[in-house]
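Report on the following structure.
Every chain is numbered from 1 and lettered A, B, ... according to where its sequence line falls, protein lines coming before strand lines.
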Amino acid sequence: MDDDAGALPLKEDFSAWYNEILWRAEIMDVRYPVKGLYVWYPYGFAIRKFVYQRLRDLLDRDHQETLFPLLIPEQEFMKEAEHIKGFEDEVYWVTHGGTTPLDVKLALRPTSETAIYPMYALWVRSHADLPMKYYQIVNTFRYETKQTRPLIRLREITSFKEAHTVHATWEEASEQVEEAIRLYREFYNGLCIPTLVSKRPDWDKFPGADYTIAVDAIMPNGKTLQIGTVHHLADHFSRTFNITYEDKNGEQKFGQQTCYGISERSIAALISIHGDDKGLILPPSVATLQVVIVPITIGKRHEDVMTAARKLHTELTAAGFRVKLDSRDMRPGAKYYWWELRGVPLRLELGPRDLDAGKVMAVNRIGRKTSIDLSTVTEDVSRLLSEITDALRTRAEDHTRSHLCCAPSLDVLKVKLDEGKVGVVQWCQEKRCADRIEEHTNASILGTDVRSQYVPETEGICIGCGNPGKPTLVGRAY
RNA sequence: GGGGUAGUAGGGUAGCCUGGUCCAUCCUAGAGCGUUUGGGACGCUUUGACGGCGGUUCGAAUCCGCCCUACCCCA
């Protein structure tokens with residue numbers, strides 16, 4: 001090897017790999033001169049667009065998209081006591097209009113409850129208005145004090161998808177929580193990202209919620225990343241913001257609410273979980289380009305090959321694939337590396353030899369080569385792309401399964417966590433034991449009521465105190 | 001929350017302690033020309049920088065102050 005200069009850091013050095021791939025694959029430029037704010041490159045933005053379109057498609061089944069303002073007046077923001085406590089250290093305030101101090105400070109939304117609910121109070125009139133299910137995709141601002149990290153811990157979350165629903169009863173809201181979880185699972189399944197769903201402990205729930213269900217993914221280094229949350233708000237906010245409806249008997253009642261959201265952490269997980277030492281690997285469903293055609297042009301056959309490549313491009317585009325014909329004046333090998341870094345799932349190599357045989361060489365991003373007939377190329381490409389999807393899903397599931405470890409004691413748990421695993425333990429749900437577990441292992445209780453095909457629903461005794469416990473996830477979280 | 005290290009061209013570095021020719025070097029960077037082309041081609045020409053603001057000085061990448069940003073480690 002005299003030339004490995006183009007290589008990425010190995011993925012096992014995850015932090016370095018992650019930082020490097022973001023700019024090498026042109027996802028984000030981290031050089032914007034404000035802490036915690038980053039710039040999307042067009043290529044990364046296109047990935048974001050496809051990912052969010054999938055989420056929109058899912059939500060649009062029975063939600064409606066809307067848009068609320070970025071600025072929230074101080075008195076609205078300050079209405080819900082618990083909510084304030086949870087966010088007050090992280091809020092950016094607009095205090096001036098030009099040089100004039102504002103009479104009423106305006107908060108840049110760290111989340112939108114207090115922007116949305118005053119309007120819900122106006123909109124919700126009768127039981128016939130319920131359930132109300134709206135969502136918006138917006139940027140939010142949080143003055144993070146911990147170390148910021150692109151796509152993972154940001155001061156401007158550029159794409160927070162948040163849904164806010166109102167229901168007549170607590171039970172209906174509760175059912176909506178379950179519906180949201182199903183929806184998120186379907187979303188992440190489409191991205192081939194395995195998820196762990198659990199109920200956050202009380203001290204870690206959303207400020208102002210009855211309870212919080214969270215969706216976590218296991219990153220390559222074994223740390224967990226929260227990639228979605230669903231909150232049952234009960235009537236905490238509706239009492240504060242006076243969201244009432246008239247029921248069938250003519251009585252005024254408070255609405256029961258839920259809210260749930262996903263941020264660009266979904267894209268951090270997508271990149272991290274599927275990528276390898278060569279670069280990104282994008283599942284076909286969200287790949288900016290699903291197929292790249294690399295013509296192998298030599299001497300006199302140049303025009304023949306280019307003509308055939310253009311025809312192939314037209315044919316595949318007409319069939320609905322996102323295809324690019326790479327006709328740049330570069331050596332074919334350089335193009336291979338280029339597109340591998342950018343995660344294009346399928347490459348078609350077309351040269352004179354293939355052309356004579358009526359074939360084209362298909363190479364998938366995981367390294368499998370097959371020669372396919374030009375006459376059946378549309379069906380074959382479709383088949384190969386779904387093979388890639390299946391392979392990515394299986395691989396990611398294997399990773400998740402192999403990183404979950406049952407731990408019967410605190411010491412075993414610590415060892416497993418240090419090995420980069422996520423622990424499944426029994427816990428009695430007392431704060432005192434949680435503190436012991438967290439202190440002993442330098443990790444966090446992620447949650448109970450684990451809904452995962454990877455975690456058995458066993459009964460056992462708490463590893464902190466020996467009393468009856470419930471299966472609980474413990475991990476080192478981002 | 002606490003601590004540490006760093007910022008020089010597209011990327012990577014040297015120079016800084018001890019201020020001094022308009023300032024070096026490497027590359028997969030950019031621009032241009034030519035020869036090439038089944039896994040990162042080669043040759044030649046060329047462009048371009050001292051994180052920001054202020055101070056000291058005849059003179060600052062270098063010394064002083066403040067700020068910004070990044071990365072790493074430990075609660």
At less than 3.5 Å, do the side-chain atoms of A:R347 and the base atoms of B:G39 form a donor-acceptor pair? yes
Between B:A9 and B:G48, how far apart are the C1' atoms? Round to whole Å, please. 5 Å
Taking the six-membered ring for Trp, does A:Y336 stack with B:G39 (centroid gap under 5.5 Å, planes within less than 30°)? no
Looking at B:C53, which nucleotide sits across from it as a Watson-Crick or G-U wobble partner, both distances under 3.5 angstrom, or is there none? B:G65
Between P of B:U35 and CZ of A:R331, the distance in whole Å: 15 Å
Could you tell me whether A:E438 contacts a base, only the sugar-phosphate backbone, or nothing, with contacts defined as non-hydrogen atoms closer than 4.0 Å? nothing
Could you check whether the side chain of A:E340 and the base of B:G39 have a donor-acceptor pair of N or O atoms closer than 3.5 Å, going by distance alone? yes
Looking only at B:A41, B:G10, B:G38, the nucleotide nearest the A:A334 side chain is B:A41
Take atom P in B:G38 and the same atom in B:C42, then report the distance between them in whole Å. 13 Å
B:C26 to B:C22 separation - C1' atoms, rounded to the nearest Å: 22 Å
Protein-to-nucleotide contact annotation, 5' to 3' order, nucleotides 67-75 of chain B [B base; S sugar-phosphate only; - none; under 4.0 Å, heavy atom]: -SSSBB--S
Rounded to the nearest angstrom, tell me the gap between atom NZ in A:K369 and atom P in B:G38. 13 Å
A:W23 CH2 to B:U28 P: how many Å, rounded? 14 Å
Hey, what's the ring geometry for A:Y211 with A:H232, parallel, tilted or perpendicular (30° and 60° as the breaks)? tilted
Under a 4.5 Å cut-off applied to non-hydrogen side-chain atoms, are A:S409 and A:V412 in contact? yes
Is A:Q226 close to A:V215 at the side-chain level, that is, under 4.5 Å between some pair of heavy atoms? no
Contact between A:M306 and A:S327 at the side-chain level, heavy atoms closer than 4.5 Å - yes or no? yes
With both distances under 3.5 angstrom, what nucleotide forms a Watson-Crick or G-U wobble pair with B:U18? none
How long is the line joining CG of A:D354 and P of B:U37, in whole Å? 18 Å
Could you name each residue pair satisfying ring pair (Phe, Tyr, Trp, His ring centres under 6.0 Å) that touches residues 356-405 of chain A, not counting sequence neighbours? A:H399-A:H403
Should B:U5 form a Watson-Crick or G-U wobble pair with both distances under 3.5 Å, which nucleotide is its partner? B:A70
Return the value, rounded to whole Å, for the distance between atom NE2 of A:H302 and atom P of B:U37. 13 Å
Between A:Y336 and A:R347, is there a cation-pi geometry (under 6.0 Å to ring centre, at most 45° from the normal)? yes
Expressed in whole Å, how much space separates the C1' atoms belonging to B:G10 and B:C67? 27 Å
Pairing nucleotide - B:U36, Watson-Crick or G-U, each distance under 3.5 Å: none
For nucleotides B:G11 and B:A31, find the distance between their P atoms and express it as a whole number of Å. 15 Å
In whole angstrom, what separates A:K278's NZ from B:G39's P? 13 Å
Touch class at under 4.0 angstrom, heavy-atom based, for A:R353 against every strand present: base
Side chain to side chain, A:Y18 and A:L151, heavy atoms closer than 4.5 Å: yes
In the strands shown, is B:U46 matched to any nucleotide by a Watson-Crick or G-U wobble pair with both distances under 3.5 Å, and which? B:G30
Rounding to a whole Å, what distance do you find between A:E26:CD and B:A29:P? 13 Å
Suppose you measure atom P in B:G32 against the same atom in B:G51; what distance do you get, rounded to whole Å? 30 Å
Return whichever of A:W338 or A:T145 has its heavy-atom-nearest nucleotide of RNA chain B closer to the 5' end. A:T145
When you compare B:G59 with B:G19, how far apart are their P atoms, in angstrom units rounded to a whole number? 15 Å
Considering only the P atoms, how many Å lie between B:G65 and B:G4, rounded to the nearest integer? 16 Å
Please determine if A:R48 forms a cation-pi arrangement with A:Y52, meaning its NZ or CZ atom is less than 6.0 Å from the six-membered ring centre and no more than 45° off the ring axis. yes
Test of ring centre spacing under 6.0 Å for A:F237 and A:Y117: yes
Could you tell me whether A:D356 and A:R301 make a salt bridge, using a distance below 4.0 angstrom between a side-chain N and a carboxylate O? yes
So do the side chains of A:I152 and A:M219 get within less than 4.5 Å of each other, counting heavy atoms only? yes
Between B:C27 (P) and A:R24 (CZ): distance, integer Å: 17 Å
Name every residue in residues 322-330 of chain A that has at least one heavy atom under 4.0 Å from any atom of RNA chain B, in order of residue number, or write none if there are no such residues. A:D329, A:M330
For A:R436 versus A:G464, what's the shortest heavy-atom pair and its separation? NH1-O, 2.5 Å
